[in-house]
Amino acid sequence: MRKDIIIKPVIMCGGSGTRLWPLSRKAFPKQFIPLYQGKSLFELTFERVAPLGDVLAVSGDDYRFFVQEIAEKSGGNLKQILEPCGRDTAPAMALAAAFAGSADDLLLFCPADHFIPSADEFRTMVSGAADLASEGWIVTFGVQPNGPSTAYGYIETGEEIRSDAAKSVHFHEKPDVEMALQFLSSGRFLWNSGIFLIKRSVLLEALKAFEPTIYEKCMASMAGVEQDGAFWRPGPEFIDATKKSIDYAVMERATNIAVVPFKGVWSDVGSWDAMFALSHVDEQNCGKLGVTENIYLIDSKNTLVHASDRRFVVTIGTRDLAIVDTPDALMVSALDQVEKIKGVVSDLEAAGRAEVQEHRRVARPWGAYDSIDHSDRFQVKRITVKPGARLSLQRHNHRAEHWIVVKGTALVTRDEETFLLKENESTYIPLGAVHRMENPGKIPLELIEVQSGTYLGEDDIERFDDEYGRKTQAKKELG
């Protein structure tokens, strides 16, 4: 790679990971869940690309604090564009390209939810393709198939550009089994990794030619971008950009696409099949994930089990099953049927099941809460507040709260008074009281909150001050 070439990594943080339900939820999707050696896929992606240059992330408002926290933990430089709404990969990439940068800069677009264990090999591969991208090629990295998978899109390769790159003949969507077998036997097809290295000017020109509405709306949106602390918020024009993937918008139509074979191990961890492949299996081809000490297998074969820290899971004589246990949902599926989970999630969403949206444990920028128990008139939560963090100054119109500190020290604001609560101490927050909880200590604050009242929803919050920029969610008077 020439020394004058600048590569700017862009991490695409969208996607709900529905095929990994019930572990992945819309409010806390797979890219932010610690799946591998205590790290999330986004964290691994950030660590992999950060040595190439300052990282730009494109995410939604709901994920901004997950992204920011991981970047701060990893110690890298990050800028974050917040999409006003989801519009798929083409508009998201357009926002990144419209952001500050030189026309000759190379943008490396990486999904946040890929598993690539060899970071050094990945960076070497990208650097080796930089000259191609600088010459005006749209470089994509194709993965050699190890079977007739129906879970991935395929790229058909054509004539050779150089010894390690070929022209793309066509991008193909996910095939059925018969077509996947034909692709595999031909030897000309690679899996579409969804990773692209593109000169900034080349991408903008392609979008302008093939998708003028996306180009115009995204450029107008970024012309009105506003900085909000560590975040950049595009203008409302983005909402009118056509919802389309980059494959449909550009890759299936451009003639300057170079396919470079992917070097090393790659997985998009898009299904429980893929998770099985990443697990450590025993001599009976059984895999354990999650809290593995809570799993006990007896005479089981070809079985994948994920356990949480809430329950002990025992299997006896199971065959060809995926068993995924979480605190609020259990999924049992034949291994050859796990791809149907996406449809199941759609059905559950249509039925209004809360388990599609959130886990029982819900992450917040200040920490997390776990809903331990509830009824129509009370709810019990275990709340964890990070050191130095604090909740918004707020009040509730339909519930009162009792707080009991079980670890650490809480600084409590209740109307006009402020006081400390230590371990084994408690206080009462009456209905309508303006209150705040914060952690002044150096260890996590843990407390039990007991809510009681006529309405216990999370939208019964009227915020007066919030350092995380969240708007008030005051519930209208009921009845």
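Note that the structure is a prediction, hence the values are computed from the model and not measured. These values consider heavy atoms only, across backbone and side chains, with no hydrogens, waters or symmetry-generated copies.
Ring-plane geometry between Phe32 and Tyr63 is classed as tilted, the angle between the planes lying from 30 to 60 degrees on a 0 to 90 degree scale. Note on ring orientation: taking the six-membered ring where Trp is involved, the planes of Phe189 and Tyr154 are perpendicular (angle over 60°, cut-offs 30° and 60°).
Not counting sequence neighbours, the partners of Val406 by the side chain to side chain contact (heavy atoms under 4.5 Å, CB included) test are Glu446, Ile448. Annotation: side chain to side chain contact (heavy atoms under 4.5 Å, CB included) contacts of Ser271 (sequence neighbours excluded): Arg19, Asp273, Ala274, Glu339. Taking Phe28 as the reference, Phe66 meet the ring pair (Phe, Tyr, Trp, His ring centres under 6.0 Å) condition, with sequence neighbours excluded. The side chain to side chain contact (heavy atoms under 4.5 Å, CB included) check on Ala57 picks up Cys13, Val67, Leu78, Gln80, with sequence neighbours excluded. By the side chain to side chain donor-acceptor pair (under 3.5 Å) test, Lys301 pairs with no residue at all, sequence neighbours left out. When the side chain to side chain contact (heavy atoms under 4.5 Å, CB included) test is applied to Ala277, no partner is found at least two apart in sequence or on another chain.
A pairwise comparison of heavy atoms in Pro91 and Phe238 identifies CB-CE1, 3.5 Å as the closest pair.
You'll find the side chain of Trp366 stays beyond 4.5 Å of the side chain of Met437, heavy atoms only. Side chains of Asp282 and Leu297 form a contact here, defined as non-hydrogen atoms less than 4.5 Å apart.
For Arg414, the CZ atom counts as densely surrounded, since its 6.0 Å shell holds more than 12 non-hydrogen atoms of other residues, nucleotides or ligands. More than 12 heavy atoms of other shown residues, nucleotides or ligands fall within 6.0 angstrom of atom NE2 in His170. Counted within 6.0 Å of NZ on Lys381, heavy atoms from surrounding residues, nucleotides or ligands total more than 12; the atom is thus considered enclosed. The 12-atom threshold is not exceeded at CD of Glu178, counting heavy atoms of other residues, nucleotides or ligands nearer than 6.0 Å.
Under the salt bridge (charged side-chain N to carboxylate O under 4.0 Å, His left out) criterion, the residue pairs touching residues 28-42 are Lys30-Asp113, Lys39-Glu47, with sequence neighbours excluded. Among residue pairs with one or both ends in residues 219-230, those qualifying as salt bridge (charged side-chain N to carboxylate O under 4.0 Å, His left out) are Asp228-Arg233; sequence neighbours excluded. Every pair passing ring pair (Phe, Tyr, Trp, His ring centres under 6.0 Å) that includes a residue from residues 210-233 is listed here, sequence neighbours excluded: Phe65-Phe231, Phe99-Trp232. Among pairs with a residue in residues 285-323, none fulfils ring pair (Phe, Tyr, Trp, His ring centres under 6.0 Å), at least two apart in sequence or across chains.
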Donor-acceptor pairs under 3.5 Å, side chain of residues 352-361 to any protein atom, not counting sequence neighbours: which ones?
from	atom 1	to	atom 2	distance (Å)
Arg353	NE	Glu355	OE1	3.0
Arg353	NH2	Glu355	OE1	3.4
Arg353	NH2	Glu355	OE2	2.8
His359	NE2	Leu23	O	2.6
Arg360	NE	Asp370	OD1	2.7
Arg360	NE	Ser371	O	3.2
Arg360	NH2	Asp370	OD1	3.4
Arg360	NH2	Asp370	OD2	3.1

Side-chain donor-acceptor pairs of residues 313-321 under 3.5 Å, sequence neighbours excluded:
from	atom 1	to	atom 2	distance (Å)
Thr315	OG1	Ser300	OG	2.8
Thr318	OG1	Ser300	OG	2.9
Thr318	OG1	Thr303	OG1	3.0
Arg319	NH1	Asp299	O	2.7
Asp320	OD1	Asn302	ND2	2.4

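Note on Arg253 versus Glu211: salt bridge recorded, some NZ/NE/NH1/NH2 to OD/OE distance being below 4.0 Å.
Remark: side-chain polar atoms of Arg87 are not paired, donor with acceptor, to backbone N or O of Thr242 under 3.5 angstrom.
Under the ring-ring contact (aromatic ring centres under 6.0 Å, His included) test applied with Trp191, the options Phe141, Phe183, Phe262, Tyr152 reduce to a single match, Tyr152.
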For this session: Dump the intermediate steps for salt bridge (charged side-chain N to carboxylate O under 4.0 Å, His left out) on Glu72 and Lys386, then the final yes or no.
Result: CA-CA 14 Å; Glu72 291 174 352; Lys386 301 172 188 175; over 6 Å; no
